[in-house]
Protein chains: 2
Amino acid sequence: MLANMPPRSPRATMKDVAALARVSPKTVSNVVTGSAQVSEPTRQRVEDAMRQLDFVPNLSARTLRNGRTGIIGLALPDLSTAFSADLTHAVVQEAHRRGQAVQIEETAAEPDREHDLVSRARAHLIDGLILNPVRLEDSAVEHEESLPPVVLIGEVEQTRTDRVFIDSRRAAEEVTAHMLSRGARRLVALGGAEHGERATATARLRLQGFRDAHAAAGLSSAPERELGVWPWSIGGGAEAVEQLVSAGVEFDGIVAFTDSIAMGARHALHRHGLSVPDDVLLSGFDDVEHAAYSIPPLTTVGFDHHDYAVAALDLLAARLDDRSRATRAEPIAHRLIVRGSTGDPGAAPRGHRPA
Amino acid sequence: MLANMPPRSPRATMKDVAALARVSPKTVSNVVTGSAQVSEPTRQRVEDAMRQLDFVPNLSARTLRNGRTGIIGLALPDLSTAFSADLTHAVVQEAHRRGQAVQIEETAAEPDREHDLVSRARAHLIDGLILNPVRLEDSAVEHEESLPPVVLIGEVEQTRTDRVFIDSRRAAEEVTAHMLSRGARRLVALGGAEHGERATATARLRLQGFRDAHAAAGLSSAPERELGVWPWSIGGGAEAVEQLVSAGVEFDGIVAFTDSIAMGARHALHRHGLSVPDDVLLSGFDDVEHAAYSIPPLTTVGFDHHDYAVAALDLLAARLDDRSRATRAEPIAHRLIVRGSTGDPGAAPRGHRPA
DNA sequence: CTCACCATTTACAACGATGTAAGATCACTG
DNA sequence: CAGTGATCTTACATCGTTGTAAATGGTGAG
């Protein structure tokens, strides 16, 4: 189908098309962008010429001229987690639907990467940035005078940028309450920060919800059962549980702050002969595809990843149209998804008792 | 730290820096690129000026001038799989080390996306493309007269482009032989195409290896135990096993063509009361992080994802330097990783026998 | 003191697309 | 048949950077 094409070492430009169609370059531009009226016969000639030369507009030139690249940046802490994969998938799909391309960045490995991205905005090559902040939290955003178009995802305790979030505190409270109702009495929070340490807003809020649920049930959570996890990955989750066990802490349920952490936890529990949910209840966060297929299926907090992506892209698009509009925070609905990993009503977990 | 900055609505350009440093724009350019000698005092003045104005070179302009963006495209069929996440992670990390950014694309959803990517090369905004072909296989590549710099990953049966691959046939043969040695006699290939259907080269080769292992053992594989899977995801794997069971096929081991497929298969087996490895042996491909943490841990074919990314980026860089050099195919070493999902020596699986 | 010669630095013109404003064309109206 | 719009097309300048070639300044030899 593409066989009978002229050998095209240097790609055809508007000037070439114009010459072939016997019009000016600007007319070609008008045909391409549709930004001005072009008579039917002229349009035909131009379109034929474009087809004949396999013309593709040079985006660099267009960008240089009018300032927009059509590329948005997506910066996530760790691209290898299941949630990152899901989110990337959703963002790329939705961005493509809008004619935008996605440039992807990873921030966790390098301390200054987030700051760089925000402050340089990839040297004009991206129009805006969707950022899941971890390291600098809001500080990169705080210190900049004039921000590039940025949408933060996840909880952030400031109002200077647009953001999309789920109510992590409430969600954590719900999942914790659920596990208490299933008979757990010594719940572990996996992902909350150690005391005094810096933590992401997300971690803080989930920990808060965990505690709130205890308080509402007339119980209280124990400091030795509030564990930090780093990184928030399968390996991190497994390691945290190893520590928990070797520290001789008694527990009968684990509220992991991501599904990946939960998967790691389950592995470590298994290694120590502890079964889910008979001995220990287990829940996660994010509802990645894998959660439903785990054995037993994982109880988790779910929300629509696609909605999340749409909301972020909407906010970004609106910001690009009007840089000075008031910032908005878009909440995304979540729901508790109860599956086998938190057992059955009336059957309390046996719990882990150190020898 | 960034507090005392001048309010900068329009970003500073080289001209601004030049004015402040009392030199010509070209001298600023020379300082930035290091492409010509600049005396020490002048360099100092220019660098001070750049710092003062927080100068960031405009990549669009640079690209327009010299044709390179520093962005490479990464096109994968399905971004939500664990393997995609791992590979993306590796490519982004390695590309960043080389000062390149990664633009990500997803090809499975749309038939013509691959072809578009190859033929338009994102309208000059990417320097080259790393492509995991699924749909068009090599045909997009076949039909183009002059190709943009492309590196294909995975097996492809042609020699017109650079490519990185593992020896899928051999790997499949090894893992299959291993399972036969563990006592399985009715192995299922999960991911090979149905007869007469178009399949990716990867699928064909893995199926070939599966058969070769049988032949080498004096056995033969049965057509009803060679199943196509679509998509190559957890859900696809689960569905395929459901079909297998409801079709009343007898089997005692599953060679899944990706780890995700294996995970889905394990879920479906569990649903039918079949245990891994006591009733059915199970293996995957790719060694994603999750495989080691699964219960039981998954036997799989592993290879270094980072090496894979490095090789692809090396080939692409070499191609960018010399477009007319001969194409190269870079093999990546693989190894069989035996874990619990294929049982223990001497303990053959009980197998699944339809009622 | 002049001249050749080196190291730096500069002016200018691209790269390709598009906004602006001016020019061309044509159909009508008075 | 000149005049008035309305419609379409064009010339020109510009976005920010960098290759080319020419200009500048300073140094040491003659």
Side-chain angles (χ1 to χ4, degrees), chain A residues 8-47 49-50 53-71 99 120-127, chain B residues 8-47 49-50 53-71 99 120-127:
Chain A
R8 57 186 148 80
S9 305
R11 190 65 95 164
T13 73
M14 283 198 172
K15 213 190 283 183
D16 303 328
V17 175
L20 185 59
R22 316 190 134 275
V23 295
S24 78
K26 177 69 223 229
T27 298
V28 178
S29 170
N30 288 336
V31 170
V32 172
T33 63
S35 56
Q37 285 289 348
V38 177
S39 67
E40 201 44 41
T42 311
R43 146 168 290 117
Q44 279 302 339
R45 283 215 317 286
V46 171
E47 282 175 349
M50 293 200 299
L53 298 174
D54 189 31
F55 170 73
V56 179
N58 183 322
L59 289 197
S60 291
R62 181 178 289 171
T63 297
L64 177 58
R65 188 57 235 240
N66 61 21
R68 287 226 197 159
T69 60
I71 306 182
R120 327 308 285 244
R122 247 319 266 185
H124 306 249
L125 266 186
I126 61 176
D127 292 339
Chain B
R8 54 183 152 85
S9 305
R11 189 64 96 165
T13 73
M14 283 197 173
K15 212 189 284 183
D16 303 327
V17 175
L20 184 59
R22 317 188 133 275
V23 296
S24 78
K26 179 70 225 234
T27 299
V28 179
S29 169
N30 288 336
V31 170
V32 172
T33 62
S35 55
Q37 283 290 349
V38 177
S39 69
E40 199 45 42
T42 311
R43 148 169 287 117
Q44 277 303 338
R45 284 214 316 287
V46 171
E47 281 175 348
M50 292 201 298
L53 297 174
D54 188 32
F55 170 73
V56 179
N58 183 322
L59 290 196
S60 291
R62 180 177 294 171
T63 297
L64 176 58
R65 189 56 236 242
N66 60 21
R68 287 224 198 161
T69 59
I71 306 182
R120 328 306 286 241
R122 239 327 260 182
H124 306 247
L125 265 187
I126 61 176
D127 292 339

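Naming convention: chains lettered A, B, ... in sequence-line order (proteins, then strands); numbering from 1 in each chain. Please read these numbers as outputs of a predicted model, since none were measured by experiment.
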Under 3.5 Å donor-acceptor, A:Thr69 side chain and A:Leu125 backbone: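 Judged by distance alone, yes, a pair lies under 3.5 Å.
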Is there a donor-acceptor pair under 3.5 Å between the side chain of B:Thr63 and the backbone N or O of B:Arg68?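 Between the backbone of B:Arg68 and the side chain of B:Thr63 there is a qualifying donor-acceptor contact (under 3.5 Å).
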Could you walk me through whether B:Thr27 and B:Arg45 pass side chain to side chain contact (heavy atoms under 4.5 Å, CB included), step by step? CA-CA 11 Å; B:Thr27 299; B:Arg45 284 214 316 287; over 6 Å; no
Could you tell me the separation between the [atom1] atom of [X] and the [atom2] atom of [N], rounded to a whole number of Å?
X       : N      : atom1 : atom2 : answer
B:Asn30 : D:dG19 : CG    : P     : 8 Å
A:Arg22 : D:dC8  : CZ    : C1'   : 19 Å
B:Leu53 : D:dG16 : CG    : P     : 14 Å
A:Asn58 : D:dC15 : CG    : P     : 18 Å
A:Asn66 : C:dT20 : CG    : C1'   : 15 Å
B:Leu64 : D:dC15 : CG    : C1'   : 9 Å
A:Leu59 : D:dC15 : CG    : C1'   : 15 Å

With a 3.5 Å cut-off and just heavy-atom distances, do the side chain of A:Arg65 and the base of C:dT18 make a donor-acceptor pair?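 Donor-acceptor pair under 3.5 Å: yes.
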Base of D:dG19, side chain of B:Lys26 - is there a donor-acceptor contact under 3.5 Å?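 Answer yes: a donor N or O sits under 3.5 Å from an acceptor.
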Measuring from B:Thr42:OG1 to B:Gln37:CD, what's the distance to the nearest 0.5 Å?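 B:Thr42 atom OG1 to B:Gln37 atom CD measures 11.5 Å (nearest 0.5 Å).
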Using a cut-off of less than 4.0 Å, is there contact between a side-chain N or O of [X] and OP1 or OP2 of [N]?
X       : N      : answer
A:Thr42 : D:dT9  : yes
B:Gln37 : C:dT8  : yes
B:Ser39 : C:dT9  : yes
B:Thr13 : D:dG16 : no
A:Arg62 : C:dG16 : no

Which residue, B:Arg43 or A:Met14, contacts DNA chain C at a nucleotide closer to its 5' end, judged by nearest heavy atom?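 Its nearest nucleotide being more 5', the pick is B:Arg43.
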Students often get this wrong, so: under 4.0 angstrom with heavy atoms, is [X] touching a base, only sugar-phosphate, or nothing?
X       : value
A:Val38 : sugar-phosphate
B:Val28 : nothing
A:Thr27 : base
A:Val23 : sugar-phosphate

Passes side chain to side chain contact (heavy atoms under 4.5 Å, CB included), A:Val38 versus A:Val46? Steps please. CA-CA 10 Å; A:Val38 177; A:Val46 171; 5.9 Å; no
Nearest to the side chain of B:Pro57 - C:dA17, C:dG19, D:dT17?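 Nucleotide nearest to B:Pro57's side chain: D:dT17.
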